[in-house]
Trainee: 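Quick one: the structure is below, and I'll ask about it shortly.
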Amino acid sequence: MALSVESLKNLDLTLLAQRLGKLCTTYQVEVSAAESCTGGGIASAITAVPGSSAYFSTGYVTYSNAAKSRLLGVPEEMLESQGAVSEAVVKAMVAGACRESGADLAVAVSGVAGPGGGSDEKPVGTVWLGWGGVNAQQAECLHFPGDRQAVREQTVRQGITRLIVALDKH
């Protein structure tokens, strides 16, 4: 039975990271993370697992638009026209993370964690999550309740979950 986001929702973050590690090892896949609103939380969770250096070598914290462009190759025009919290940008972040790190699979997040910075179009708790490889990416817009810490924690969990589900379909 294939894993789903729903089937993983109650697992502890450590167990999620361990499951990701087992899948990466089984399929000999290297993963990377390109993070904005989580500030390295996904990379931290993955590397908390002993032996993670076998499948995780690079994480990018690209909090500013300039960093997204400089480190991941996200076009400045895209950032200006779409905004950092957008489907196009997280897909470009995924592709850039894989291209620059040599990873097979990456996850990218950009969102409004709060308490400020939200708008009617993108209120606090809005997060775009992307995953995939250099040539194909998927993305989803999520809306998380709670304060800044809660939004960031939920985003980390969902980012790792998307990598697990993608690898389970491998």
Side-chain angles (χ1 to χ4, degrees), residues 2-25 27 29-49 52-53 55-64 67-68 71-72 74 84-101 103-114 122 124-134 136-170:
L3 293 173
S4 69
V5 172
E6 185 66 21
S7 71
L8 298 169
K9 74 177 184 179
N10 293 322
L11 286 184
D12 169 87
L13 184 57
T14 301
L15 292 175
L16 283 173
Q18 289 170 343
R19 180 165 290 186
L20 174 62
K22 286 178 184 171
L23 287 167
C24 287
T25 301
Y27 296 120
V29 170
E30 184 177 324
V31 296
S32 180
E35 304 178 65
S36 187
C37 65
T38 50
I42 293 171
S44 179
I46 291 170
T47 59
V49 175
S52 56
S53 62
Y55 51 86
F56 185 88
S57 66
T58 311
Y60 301 90
V61 177
T62 55
Y63 209 66
S64 70
K68 288 174 184 65
L71 297 173
L72 301 173
V74 178
V85 182
S86 66
E87 177 178 13
V89 167
V90 295
K91 285 182 171 182
M93 290 170 68
V94 166
C98 288
R99 183 181 58 250
E100 297 302 322
S101 71
D104 304 295
L105 182 66
V107 63
V109 294
S110 188
V112 186
K122 297 174 185 175
V124 170
T126 302
V127 175
W128 271 98
L129 180 65
W131 63 96
V134 171
Q137 308 85 35
Q138 292 181 275
E140 182 177 5
C141 185
L142 302 167
H143 299 277
F144 296 120
D147 63 9
R148 181 177 181 80
Q149 182 175 342
V151 169
R152 288 166 53 118
E153 287 173 359
Q154 291 170 88
T155 302
V156 167
R157 287 184 55 78
Q158 289 301 312
I160 292 173
T161 298
R162 291 313 188 283
L163 290 173
I164 291 168
V165 171
L167 282 168
D168 189 59
K169 295 176 182 175
H170 196 278

Trainee: With a 4.5 Å cut-off on side-chain heavy atoms, are Lys169 and Val165 touching?
Mentor: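 Yes, at least one pair of side-chain atoms sits under 4.5 Å.
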
Trainee: Do the side chain of Gln137 and the main chain of Gly130 share a donor and acceptor less than 3.5 angstrom apart?
Mentor: no

Trainee: In this structure, are over 12 heavy atoms from other groups packed under 6.0 Å from Arg157 atom CZ?
Mentor: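 Enclosed.
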
Trainee: Please report the shortest heavy-atom distance between Val124 and Ala113, naming the atom on each side.
Mentor: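 What the structure gives for the nearest pair is CG1-O, 3.7 Å.
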
Trainee: Nearest 0.5 Å please: distance from the CD atom of Glu87 over to the CD atom of Gln138.
Mentor: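 Answer rounded to 0.5 Å: 10.5 Å.
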
Trainee: Would you check if there is a donor-acceptor pair between the side chains of Gln154 and Gln158 at a distance under 3.5 Å?
Mentor: no

Trainee: Spell out, as yes or no, whether a donor-acceptor pair under 3.5 Å connects the side chain of Glu100 to the backbone of Leu71.
Mentor: no

Trainee: For Lys68 versus Ser110, what's the shortest heavy-atom pair and its separation?
Mentor: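 Reported closest heavy-atom pair: CE-OG, 3.9 Å.
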
Trainee: Phe56 and side chain to side chain contact (heavy atoms under 4.5 Å, CB included): which single residue from Leu20, Ile42, Thr47 fits?
Mentor: Thr47

Trainee: For residues Ala166 and Trp131, report the shortest heavy-atom separation together with the two atoms involved.
Mentor: CB-CD1, 4.1 Å

Trainee: In Å, rounded to the nearest 0.5 Å, how long is the span from CG of Leu163 to CG of Leu16?
Mentor: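 It comes to 10.5 Å.
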
Trainee: Quick one, Ile160 with Ile46, criterion side chain to side chain contact (heavy atoms under 4.5 Å, CB included). Give me CA distance, side-chain angles, the key distance, then yes/no.
Mentor: CA-CA 8 Å; Ile160 292 173; Ile46 291 170; 4.3 Å; yes

Trainee: Do Val29 and Leu23 make a side-chain contact, defined as non-hydrogen atoms from C-beta onward lying under 4.5 Å apart?
Mentor: no

Trainee: Side chain of Thr58, backbone of Ser32: donor and acceptor closer than 3.5 Å?
Mentor: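 Absent.
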
Trainee: Cys37 vs Thr155, test: side chain to side chain contact (heavy atoms under 4.5 Å, CB included). Steps then yes/no.
Mentor: CA-CA 9 Å; Cys37 65; Thr155 302; 4.3 Å; yes

Trainee: Identify the heavy atoms of Cys24 and Leu167 that sit nearest to each other, and give their distance.
Mentor: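 Closest approach of Cys24 to Leu167: SG-CD1, 3.6 Å.
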
Trainee: Can Val49 and Tyr55 be said to form a side chain to side chain contact (heavy atoms under 4.5 Å, CB included), step by step?
Mentor: CA-CA 11 Å; Val49 175; Tyr55 51 86; 3.7 Å; yes

Trainee: For Leu129 and Gly159, work out which heavy atoms get closest and say how close.
Mentor: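 Scanning both residues, the minimum pair turns out to be CD1-CA, 3.7 Å.
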
Trainee: May I ask you to decide if Gly40's main-chain N or O and Ser44's side chain share a donor-acceptor pair within less than 3.5 Å?
Mentor: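 Between the backbone of Gly40 and the side chain of Ser44 there is no qualifying donor-acceptor contact (under 3.5 Å).
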
Trainee: Compare every heavy atom of Met93 with every heavy atom of Ala34, then report the nearest pair and how far apart it is.
Mentor: O-CE, 3.6 Å

Trainee: Using modelled atom types and a 3.5 Å cut-off, is there a donor and acceptor pairing between side-chain atoms of Arg99 and backbone atoms of Leu72?
Mentor: yes

Trainee: Decide side chain to side chain contact (heavy atoms under 4.5 Å, CB included) for Leu15 and Arg19; before the verdict, give the C-alpha distance in whole Å, the side-chain angles of both, and the deciding distance to 0.1 Å.
Mentor: CA-CA 6 Å; Leu15 292 175; Arg19 180 165 290 186; over 6 Å; no

